[in-house]
Amino acid sequence: MSAPPKTEPIFDKIALIGIGLIGGSIARDARKRGLARHIVAATRSAETAAKANELKLADHCGTDLAAAVKDADLVIVCTPVGACGAATKAIASSLKPGCIVSDVGSVKQAVIADMKPHIPAGVHFVPAHPVAGTEYSGPEAAILDLFQGRGCILTPLPGVDTAAADRLEAFWKALGSEVDRMDPAHHDRILAITSHLPHLIAYTIVGTADDLGGHLNSEVLKYAAGGFRDFTRIAASDPTMWRDVFLNNKEAVLEVLARFQEDLFYLQRAIRWGEGDKLFDLFSRTREIRRALIHLHQA
Ligand code: NAP
């Protein structure tokens with residue numbers, strides 16, 4: 001793939017707090033596209049910092065979160081959802097007045113509730129969620145063009161500085177994302193059905209297959225091609241990240257889960273009573289959804 005065109009820097013200094021799959025990919029992409037003059041990062045462990053430095057993801061990666069954000073115009077918290085509040089607290093007193101603080105969390109309401117109390121006056125808080133990723137994690141998982149052609153949802157709060165939100169939007173667009181803005185509660189409901197429930201189902205199926213044990217287990221692995229393999233990919237996603245997602249989007253996930261269970265019982269009944277029409281109708285409808293997705297270049 002040819003290198004993306006370099007543009008004028010949108011920010012002088014970007015600081016990334018957390019440098020795994022998402023933080024590292026932002027660093028790689030922002031550098032390649034010349035979106036900042038300086039990109040620094042900080043993470044919790046010395047091991048991850050050393051790996052990020054070895055991979056040259058940012059100009060420098062250390063373990064002092066507060067030092068990393070000094071003089072930064074844009075700070076993006078790229079830790080698991082459950083760590084966003086503590087990370088924001090740790091950097092709060094070092095934030096430059098007028099800078100933008102954002103995040104990449106897969107849940108918005110809980111992350112906003114955790115981060116907002118620590119944002120000093122004069123700093124612009126603009127939450128965001130790039131809807132792009134893989135099942136890999138850590139700095140080695142960071143890849144170029146991860147956000148190209150993928151959605152990025154901004155959930156700016158009422159009263160936010162519009163210039164700050166526009167600048168963050170311009171940044172994500174420069175990374176290749178298609179940016180939408182929405183209310184945080186709406187974001188959490190949409191993601192509960194499109195992302196969180198599918199992950200829960202994958203974790204369940206793979207766990208159930210593993211519980212079957214014995215020779216059945218080895219046959220499950222041997223004949224994994226029949227659909228099971230796709231679930232194992234999703235179920236290989238980072239345990240910390242996904243634990244935090246479910247604990248922090250509890251209400252929306254439980255709501256779609258209840259609905260899903262009803263629909264599952266409907267199918268269970270249709271199978272038990274040989275109601276092939278019901279099965280055929282649903283499977284035809286879902287096939288159309290897949291075709292519509294392909295049409296939207298999302299599949
Ligand atoms: P990741 O690869 O596991 O990286 C997480 C990073 O956060 C690591 O650098 C880790 O540092 C650091 N970290 C963890 N706890 C921390 C703490 N308490 N203080 C400071 N740093 C800490 O995770 P990721 O996949 O990039 O996910 C990051 C965020 O992006 C999550 O909020 C997730 O919801 C969101 N997201 C993920 C995806 C996806 O597909 N993975 C997609 C969209 C959004 P150490 O290694 O040093 O502990």
Side-chain angles (χ1 to χ4, degrees), residues 21-22 80-82 84 103-114 127-137 146-147 150-155 177-178 180 182-212 220 224 226-271 278-279 281-299:
L21 166 69
I22 301 296
V81 161
C84 288
D103 74 302
V104 293
S106 308
V107 174
K108 295 278 51 99
Q109 290 177 106
V111 166
I112 291 168
D114 289 350
H129 175 206
V131 187
T134 70
E135 67 276 28
Y136 301 108
S137 55
L146 179 65
F147 311 105
R150 307 305 303 271
C152 180
I153 301 170
L154 303 192
T155 60
S177 293
E178 290 165 16
D180 279 319
M182 64 178 74
D183 170 70
H186 188 64
H187 166 280
D188 289 353
R189 279 199 304 275
I190 300 275
L191 270 291
I193 182 70
T194 57
S195 169
H196 306 170
L197 183 65
H199 276 81
L200 198 65
I201 293 169
Y203 283 125
T204 312
I205 290 178
V206 177
T208 303
D210 188 47
D211 288 344
L212 289 175
V220 165
F228 183 70
R229 193 200 306 259
D230 290 344
F231 284 108
T232 62
R233 185 186 62 74
I234 300 175
S237 300
D238 190 70
T240 305
M241 170 187 159
W242 283 97
R243 176 203 61 196
D244 284 8
V245 166
F246 292 117
L247 295 182
N248 285 281
N249 198 21
K250 199 188 265 186
E251 272 181 33
V253 169
L254 291 179
E255 194 183 312
V256 294
L257 193 56
R259 178 67 188 260
F260 174 74
Q261 281 169 328
E262 275 178 30
D263 293 344
L264 208 52
F265 282 133
Y266 173 84
L267 286 186
Q268 191 179 10
R269 216 182 134 78
I271 293 168
K278 285 184 177 166
L279 299 177
D281 287 350
L282 176 68
F283 301 164
S284 303
R285 189 149 60 88
T286 54
R287 181 181 247 195
E288 285 310 311
I289 291 168
R290 171 75 185 175
R291 286 178 178 159
L293 258 184
I294 291 171
H295 189 64
L296 283 169
H297 307 290
Q298 288 293 317

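Just so you know, residue 1 is the first one in the sequence shown, and it goes up from there.
- Rounding to the nearest 0.5 Å gives a distance of 11.0 Å between CZ of Arg233 and CZ of Phe231.
- The shortest side-chain heavy-atom distance between Arg291 and His295 does not fall under the 4.5 Å cut-off.
- Ser106 and Val81 get closest at one heavy-atom pair: N-CG2, 3.8 Å.
- Within the model, atoms NZ of Lys278 and CD1 of Ile271 stand 12.0 Å from one another, a figure rounded to the nearest 0.5 Å.
- Applying the salt bridge (charged side-chain N to carboxylate O under 4.0 Å, His left out) test to residues at least two apart or on different chains, none of the pairs has a partner in residues 236-257.
- Although no hydrogens or angles enter the test, the distance criterion places no donor-acceptor pair under 3.5 Å between the side chain of His187 and the main chain of Asp183.
- Using a 4.5 Å heavy-atom cutoff, the side chains of Asp230 and Thr232 are not in contact.
- One finds the CG atom of Leu21 at 5.5 Å from the CG atom of Leu146 (value rounded to the nearest 0.5 Å).
- Atom OG of Ser237 and atom CD of Glu135 lie 6.0 Å apart (nearest 0.5 Å).
- Using the six-membered ring where Trp is involved, Phe246 and Tyr203 have ring planes that are perpendicular, over 60° apart on the 30 and 60° scheme.
- Taking CG of Leu191 as the reference point, atom NE2 of His199 lies at 11.0 Å (rounded to 0.5 Å).
- Between Pro127 and Val111 the shortest side-chain heavy-atom distance does not fall below 4.5 Å.
- Val256 and Ile193 get closest at one heavy-atom pair: CG1-CB, 4.1 Å.
- Residues Cys152 and Glu178 have side chains not in contact (no heavy-atom distance under 4.5 Å, counting atoms from C-beta outward).
- Here the side chains of Lys108 and His129 are in contact, with some heavy-atom distance below 4.5 Å.
- Between Tyr266 and Leu282, every side-chain heavy-atom pair lies at or beyond the 4.5 Å cut-off.
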**Request:** Go through Leu279 and Leu267 one step at a time and tell me if the side-chain contact (heavy atoms from CB on, under 4.5 Å) criterion holds.
**Result:** CA-CA 7 Å; Leu279 299 177; Leu267 286 186; 3.7 Å; yes

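- Listed for the Asp180 side chain is no donor-acceptor partner under 3.5 Å among the backbone atoms of Gly151.
- For Phe147 against Ile22, the heavy-atom pair with the smallest separation is CZ-O, 4.1 Å.
- Judged as a side-chain hydrogen bond (donor to acceptor under 3.5 Å, both in side chains), and not counting sequence neighbours, Asp114 has no contacts.
- Side-chain atoms of Asn248 never come within 3.5 Å of backbone atoms of Ala110 as a donor-acceptor pair (strictly under, hydrogens ignored).
- Between Arg285 and Glu288, none of the side-chain N atoms (NZ, or NE/NH1/NH2) sits under 4.0 Å from a carboxylate O, so this pair counts as no salt bridge.
- Side-chain atoms of Asp103 come within 3.5 Å of backbone N or O of Ala128 as a donor-acceptor pair.
- Closest heavy-atom contact between Ala252 and Asp188: CB-O, 3.7 Å.
- By the side-chain contact (heavy atoms from CB on, under 4.5 Å) test, Thr204 is found to be paired with Thr208, residues two or more places apart in sequence or in another chain being considered.
- Note that CZ of Arg290 and OG1 of Thr286 are 11.0 Å apart. Values are rounded to the nearest 0.5 Å.
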